[in-house]
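The structure displayed is predicted, hence computed values, not measured ones.
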Amino acid sequence: MAWQPEEAPIRELAGYLKDSLDRYNQAAQRHASEMLQQASQSPDINNYLCYILVHPNPPPNMAVAEYHVVRCSAGVLLKNNILSSGRALAPAFIDYIKSELLLGLRDPHHQIRNYTGNVITELLRIGGVMSWTDMLAQLISLVENTDGNTTPETQEGAMGALLKVCQDSKDELDEEYDGYRPLSILIPKFLLFTQHPVPKVRMQALEIVNIYLPTKTQSILVHIDTLIESLFRLGNDADTGVRREVCRALVHLVDIRADKIAPHMQGIVTYMLTQQKNTAEQDLALDAAEFWLTVGEHEHLRVGLGPYLTEIVPVLLASMVYSEEDRARLGGGGDDADIEDRAEDIRPNFAKSKQRLPNGESVEVFDQRKKSNGKTLGEGTLDDLSDGEIDEEYDSEDDSYAGMDDPEDRWNLRKCSAAALDVLATVFHQSVFETILPYLKENIRHPEWPYREAAVLALGAVADGCLDGVVPHLPDLIPYLISLLDDPEPLVRQITCWTLGRYSRWASHLENPADKQKYFEPMMGGILNKMLDGNKRVQEAGASAFANLEEQSKDLLKPYIEPIVRQFVVAMGRYKDRNMFILYDCIQTLAEHVGSILAEKPLVDILMPALINRWKLVKDDSRELFPLLECLSYVATALGREFAPFAGPIFLRCINIIHQNLELQMAYNSNSALDEPDKDFLVTSLDLLSAVIQALDSASAELISGTTPPFFQLLTVCMAKKLADKPQDLSNDVKQSSYALLGDCAIYVFEQLHPFLPNIMDLLIQQLGIQSLSDTESDTGYSVVNNACWSCGEIALKQGSGMAPYVEKLYNRLVEIIQTPEIPSSVTENAAVALGRIGIGSCDELAPHLESFAYPFLDALQKVAETDEKDTALKGFCMVVGRNPEAMESCLVPFFRAIARYKHASPELSALFRQTLIGYKSFITDFDLFMSAIPAPDREALKSKYAI
C-alpha cells in the first residue's frame with residue numbers, strides 16, 4: 001500500500017518549521033530546532049517534507065502566507081537530507097517523492113517551483129541521471145505542453161528544473177549509457193525551445209546551450225549551424241535575458257568555431273554595439289562588451305575588428321564613464337582612513353604556492369580555490385532560502401551581504417570596456433590612439449569629475465599598446481596627472497594612481513638624469529604620498545600603483561630605498577586591515593627587486609621593528625597571516641644572515657601554526673561536523689620556513705634541532721598522502737610547499753635531514769607516481785611532482801652512493817615522467833636533473849638502463865639553462881655513460897651535439913666531456929665518418945673546445 005501522510009504529524013512539523021525561522025523568539029526557535037533534530041530520525045521525515053513542499057493547503061491555525069515560508073523551508077531541508085543521505089535513501093521514499101514532486105512544478109509560486117527543481121536536481125545528482133530515466137522526459141513534456149493544459153508558469157518551472165539538472169549533472173548527461181547519450185537527445189530539444197512562446201523558457205534553453213558550448217562536446221557541435229540560425233533569430237528578442245544569452249553564445253563561438261563568426265563579423269559588430277549602448281541594462285551591456293575582449297585576444301579574428309575601430313572605441317569610452325547610480329554611490333567620498341574596516345570589506349586572500357624550476361628559481365602559483373564561510377544549520381537554511389529567490393527577485397540592496405556593496409569590487413561594464421580597450425590597443429596600436437586622442441583632449445581636463453576620471457582611465461588602458469603614440473605627449477601629461485593626485489574627488493585620485501603606475505616603466509627608464517628628476521621622481525613621490533591619502537580607496541590604489549612601479553623599476557629604485565621604506569613603515573602604522581594586504585605586497589616586491597641592499601643595517605633597523613610588531617599583533621587564526629608570512633619570506637631572502645636576530649621566534653611560531661593546523665585537520669577527518677581548517681596556514685608557514693632556512697644557510701640547523709614537535713616529523717606528515725589513516729586532502733598546495741622545503745633542507749641542513757631519509761624517500765617515491773594523478777588535480781598534482789623531482793635531485797647530490805637502496809624505484813618513476821608526453825616541461829626537466837644527479841653516486845646501478853633513458857634524458861635537458869643543476873645532471877650522466885658506452889649507439893649524435901652546445905661547463909664537467917669524447921674516439925672505428933653526421937657548427941665547436 002502506498003504511503004499516506006497523517007494530519008497530526010503534518011501540523012506538528014509545519015509548526016516546528018515555522019518556529020525554526022522565527023529570529024525574534026529565540027526560545028521557540030531553539031525548541032523547534034531540537035524537535036526538528038528528533039524528527040530527522042523518523043523514517044518518514046522526508047516523505048512529510050515532500051508533502052508539505054508540494055501541497056499548498058495549510059494546516060488549521062496557520063495562515064497561507066506563513067505556510068508558504070514553511071513550504072520553502074521544507075524544500076530546503078528535503079534537499080539537504082537527500083544530499084547528506086546520499087545513495088542510502090529508502091526505496092519507498094524515492095518512489096513516493098517521484099510520484100509527488102512534479103506537483104511542485106505546477107505550483108503558482110515561483111519559489112516553490114524553484115525548490116522543487118532543486119530537489120529533483122539533487123536526486124538526479126546523487127542517484128545518477130539514469131536512476132530516474134523518465135524524469136527528463138516528463139520535464140521535456142511539461143515544457144512542450146504536451147497535454148495542452150500546462151500553464152506558462154509550470155513550463156517555466158520545468159525548464160528551470162532542466163537548467164538546474166544540466167548545471168549539476170553536466171558531465172554525466174554527456175556520457176554514453178549502452179549506446180544512449182542523454183545530451184545528444186536533449187540539445188535538439190533545447191534548440192527547439194529557443195522558439196518557445198514563454199520568454200523565460202527561451203532564455204533558459206539558450207542558457208543550457210551556453211553551459212555546454214565551452215566543453216566543445218560533439219552533442220552540440222553537430223548542431224552548430226542550427227544554433228547560429230537560432231542566435232540570429234533571437235538577436236532582436238524583446239526579452240533582455242534572451243539577448244544576454246545570445247551575446248554569451250556569440251562570445252563562446254569565438255573560441256569554439258571562429259570560422260562561423262568571421263563571415264558575419266560586420267553584422268555581429270553592429271549588434272554588439274547596439275546591445276552595449278543599452279546602458280539601462282548594465283548586465284546586457286557587459287555581456288556585449290565581453291565580445292571585444294574575447295575577439296581582441298583571438299589570433300585570427302581580431303584583425304577583422306580593424307575596419308570598425310572608429311565605431312567600437314567610442315562605445316568603449318562611453319561605457320567607461322561611471323553610471324549615474326555608481327556616481328551617487330561612490331562619488332564625493334571623504335576621508336575615511338581612520339574608520340575601522342568591516343569584516344566583509346576584506347577580500348579573501350589565498351596563499352601562492354611556489355614551484356621550483358630546474359634553474360633553481362621558484363615561481364608563484366596562485367591558488368584559485370573558492371572559500372566558503374562556516375555557518376550554523378539555521379544560517380545555512382536561511383541562505384538556501386535566499387538562493388531560491390535570487391534568480392527571481394534579485395535586490396541590489398542586498399549586495400552588502402555578499403561583500404558586493406561597492407561596484408569597484410565587481411567585474412562590471414566599466415572594467416570590461418577598459419580591458420577591451422587595452423587589448424585592442426595591443427593589437428592596433430597607433431590606430432587606437434588616434435581614435436581616442438580627440439576624446440582625451442576634450443575630457444582629461446573636463447570640469448565634471450566622471451568624464452575627467454574616465455579619460456584618465458582610458459589613458460592608462462592604452463599604456464602598453466599605444467606607448468609609442470603617447471610618449472610625445474607624456475612630458476605634458478605626466479605633470480598634469482601628478483597634479484590630479486590632489487583632485488578633490490577621491491575616485492579621480494584613485495584612477496590617477498593606477499594610470500601613473502602604468503607609465504612608470506617609461507619614467508623609470510629615462511636615460512637623461514634631468515628627465516628622470518623631472519618626471520620619474522615626482523611620479524614616484526606622488527604615488528608614495530597617496531599611500532597615506534585620507535581616503536582608504538586612494539591609499540589602496542597608491543599602494544597597488546607603487547607595487548607596479550617597483551615591478552617596472554626593479555633595482556633602479558636602489559637610490560631611493562630609504563624614503564620608500566620609511567613611508568612603508570608609516571603606512572603600516574596607519575593602515576586598517578584591508579590595505580595592510582596590499583602593503584605587504586609592496587614590501588615583498590621591494591625586497592624581491594632590491595635584494596641584499598635591504599640588508600643594510602639602517603634599513604633593517606627601520607623596517608624590521610615595524611614588521612615584527614605587526615607579526616606580534618596578528619593572531620594565529622587571522623587571514624592576514626597569509627600575506628604577512630609571504631612578505632616575511634621575501635624579506636628573509638633579501639636580508640640573508642641579517643635576518644638571524646628575528647628568525648628564532650618566527651621559526652618556532654611557524655612550527656606551532658603547522659602543528660596546530662595538522663591537529664585541526666586530524667580532528668576534522670574524525671568529525672566532519674567540525675570546521676575544516678584553512679590549508680593556507682600550512683602553505684604560508686612552510687614557505688616562510690623555507691625562506692628562513694635559505695637566508696640563514698647552515699646556521700638554520702640550530703633552529704631545526706630545537707623544535708617541538710620535531711621539525712622533520714611535522715614535515716613528513718605534510719608530505720604524506722594520508723593523515724590518521726584517512727585520505728589526507730591536505731591539498732596539493734601543502735604538499736607542493738612541503739617538497740620545496742624538503743629540497744631546501746637537503747641543500748642547507750642535510751646533516752639534520754639525513755636520519756629521516758628512509759621515511760622521507762618512501763614518501764617521495766610514492767609522490768613521483770604520475771599514474772595516480774586524477775584529471776581534476778592534474779595541474780596542481782604536477783606542481784607537487786615537480787617539487788618532488790627537484791628535492792630528489794638535491795638529496796641525490798648530497799647523499800651520493802647512499803642513494804643505492806632507492807635507485808631502482810626512483811629510476812622507474814623518473815623515467816616514466818620524462819617519457820610521458822604532455823607533461824609540463826618543468827616537471828620533465830626536473831625529473832631529468834634528478835636522474836642525472838643520481839648517476840653521480842649510483843652510476844653502476846643506472847648503467848644497465850642507459851639505453852632506455854639516454855634519449856629522453858637528453859631531450860628533456862635540451863632547453864634547460866646552463867645552471868649548476870644542469871651541470872651536475874650532465875656530470876652524473878657522463879659517469880653512467882662511462883660505465884656502459886655501448887648503450888649510447890642510437891643517440892650518440894644528440895649526445896655529442898649537447899656537449900658541443902654547452903658553452904660554460906664547470907671545470908669538472910668539462911674534464912668529463914673531454915674524457916668521454918676521447919673514449920669514443922678510440923672506441924669508434926671510423927671516427928671521422930661518425931663526426932660527419934654531426935652538423936658543421938657543432939663539429940667545429942667540439943674540435944675547438946676539446947681538440948678532437
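- Note on ring orientation: taking the six-membered ring where Trp is involved, the planes of His109 and His68 are tilted (angle from 30° to 60°).
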| request: Any chance you could lay out the side-chain contact (heavy atoms from CB on, under 4.5 Å) test for Tyr16 and Ser33, step after step, and finish with the verdict? | output: CA-CA 7 Å; Tyr16 295 143; Ser33 295; over 6 Å; no

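- To the nearest 0.5 Å, atoms CG (Leu17) and CZ (Arg71) are separated by 12.5 Å.
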| request: Take Val222 and Ile187, measure what side-chain contact (heavy atoms from CB on, under 4.5 Å) needs, and give me the verdict at the end. | output: CA-CA 10 Å; Val222 296; Ile187 289 296; over 6 Å; no

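- Atom CZ in Arg202 sits 6.5 Å away from atom CG in Asp239 (nearest 0.5 Å).
- Here the side chains of Glu12 and Met35 are not in contact, with every heavy-atom distance at 4.5 Å or above.
- Here the CD-CG distance, from Gln275 to Leu284, works out to 5.0 Å after rounding to the nearest 0.5 Å.
- Looking at Asn732 and Ser783, their side chains never come closer than 4.5 Å, going by heavy atoms from C-beta outward.
- The closest side-chain heavy-atom distance from Ile94 to Trp132 is not below 4.5 Å.
- What you find for Ala161 and Leu105 is that their closest heavy atoms are CB-CD2, 4.4 Å.
- Side-chain contact between Phe681 and Leu664 is absent, with no heavy-atom pair separated by less than 4.5 Å.
- Checked against the 6.0 Å centroid threshold, Tyr48 and Trp3 count as a close aromatic pair.
- Within 6.0 Å of atom CD in Glu176, more than 12 heavy atoms from other residues, nucleotides or ligands are found, so the atom counts as buried in its surroundings.
- A salt bridge does not link Lys216 with Asp255: every distance from a Lys NZ or Arg NE/NH1/NH2 to an Asp or Glu carboxylate oxygen is 4.0 Å or more.
- The distance from atom CG of Asp107 to atom CZ of Arg113, rounded to the nearest 0.5 Å, is 7.5 Å.
- The aromatic rings of His196 and Phe193 sit perpendicular, their planes meeting at an angle over 60°, well past the 30° parallel limit.
- Counting heavy atoms of neighbouring residues, nucleotides and ligands inside a 6.0 Å radius, atom CG of Asn61 does not exceed 12 of them.
- For the side-chain contact (heavy atoms from CB on, under 4.5 Å) with Leu250, the lone residue among Val295, Ile261, Asp287 that qualifies is Ile261.
- Side chain of Thr194 to main chain of Leu191: a donor-acceptor pair is present (N/O by atom type, distance under 3.5 Å, no hydrogens or angles).
- In this structure, the side chain of Ser73 does not engage the main chain of Val69 through any donor-acceptor pair within 3.5 Å.
- With values rounded to the nearest 0.5 angstrom, Glu144 atom CD is found 10.5 Å from Met159 atom CE.
- Considering every non-hydrogen atom in both Thr780 and Gln736, the closest pair reads O-OE1, 4.5 Å.
- Heavy-atom neighbours of Lys98 NZ from other residues, nucleotides or ligands within 6.0 Å: above the threshold of 12.
- With a 4.5 Å cut-off on side-chain heavy atoms, Leu227 and Phe232 do not count as touching.
- Side-chain atoms of Ser84 come within 3.5 Å of backbone N or O of Asn80 as a donor-acceptor pair.
- Taking each heavy atom of Ile112 and Gly104 in turn, the nearest pair found is CG2-O, 4.0 Å.
- Counting only distance, with no hydrogens or angles, the side chain of Tyr96 and the backbone of Gln4 share no donor-acceptor pair below 3.5 Å.
- Side chains of Ile97 and Asn46 form no contact here, defined as non-hydrogen atoms less than 4.5 Å apart.
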| task | Please step through side-chain contact (heavy atoms from CB on, under 4.5 Å) for the pair Gln155 and Leu142, ending with a clear verdict. | result | CA-CA 6 Å; Gln155 294 171 52; Leu142 287 175; 5.9 Å; no

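- Without hydrogens or angle criteria, Asn210 side chain to Glu245 main chain gives a donor-acceptor distance under 3.5 Å.
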| request: For side-chain contact (heavy atoms from CB on, under 4.5 Å), just list the numbers for Val143 and Leu139, CA-CA rounded to whole Å, side-chain angles, deciding distance to a tenth of an Å, and then say yes or no. | output: CA-CA 6 Å; Val143 178; Leu139 293 174; 5.6 Å; no

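- Separating the OH atom in Tyr212 from the OG atom in Ser219 is a distance of 8.5 Å, to the nearest 0.5 Å.
- A donor-acceptor distance shorter than 3.5 angstrom exists from the side chain of Gln204 to the backbone of Gly160, with no hydrogens or angles considered.
- For the pair Arg11 and Glu7, the salt-bridge criterion is met [side-chain N within less than 4.0 Å of a carboxylate O].
- Ile220 places none of its side-chain heavy atoms less than 4.5 Å from the side chain of His223.
- Ile140 approaches Leu162 most closely through the heavy-atom pair CD1-CD1, 3.8 Å.
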| field | Intermediate values then yes/no, side-chain hydrogen bond (donor to acceptor under 3.5 Å, both in side chains), Asn661 and Gln665 | value | CA-CA 6 Å; Asn661 279 269; Gln665 182 67 42; over 6 Å; no

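- Minimum heavy-atom separation, Ala14 to Pro59: CB-CG, 4.1 Å.
- Tyr271 places a side-chain N or O within donor-acceptor distance of the main-chain N or O of Gly235, the cut-off being under 3.5 Å.
- Although no hydrogens or angles enter the test, the distance criterion places no donor-acceptor pair under 3.5 Å between the side chain of Asp134 and the main chain of Ala137.
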| said: With side-chain hydrogen bond (donor to acceptor under 3.5 Å, both in side chains) as the criterion, how do Thr217 and Asp174 come out once you've worked through the C-alpha distance, each side chain's angles and the decisive distance to 0.1 Å? | reply: CA-CA 8 Å; Thr217 171; Asp174 199 24; 2.7 Å; yes

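- With hydrogens and angles disregarded, no donor-acceptor distance shorter than 3.5 Å links the side chain of Arg243 to the backbone of Asn236.
- Between Cys247 and Glu290, the closest side-chain pair of non-hydrogen atoms is not below 4.5 Å.
- Taking both residues in full, the closest heavy atoms of Ala667 and Leu674 are given as O-CD1, 3.6 Å, listed atom of the first, atom of the second, then distance.
- Between the side chain of Ser230 and the main chain of Thr226, a donor-acceptor pair closer than 3.5 Å is present.
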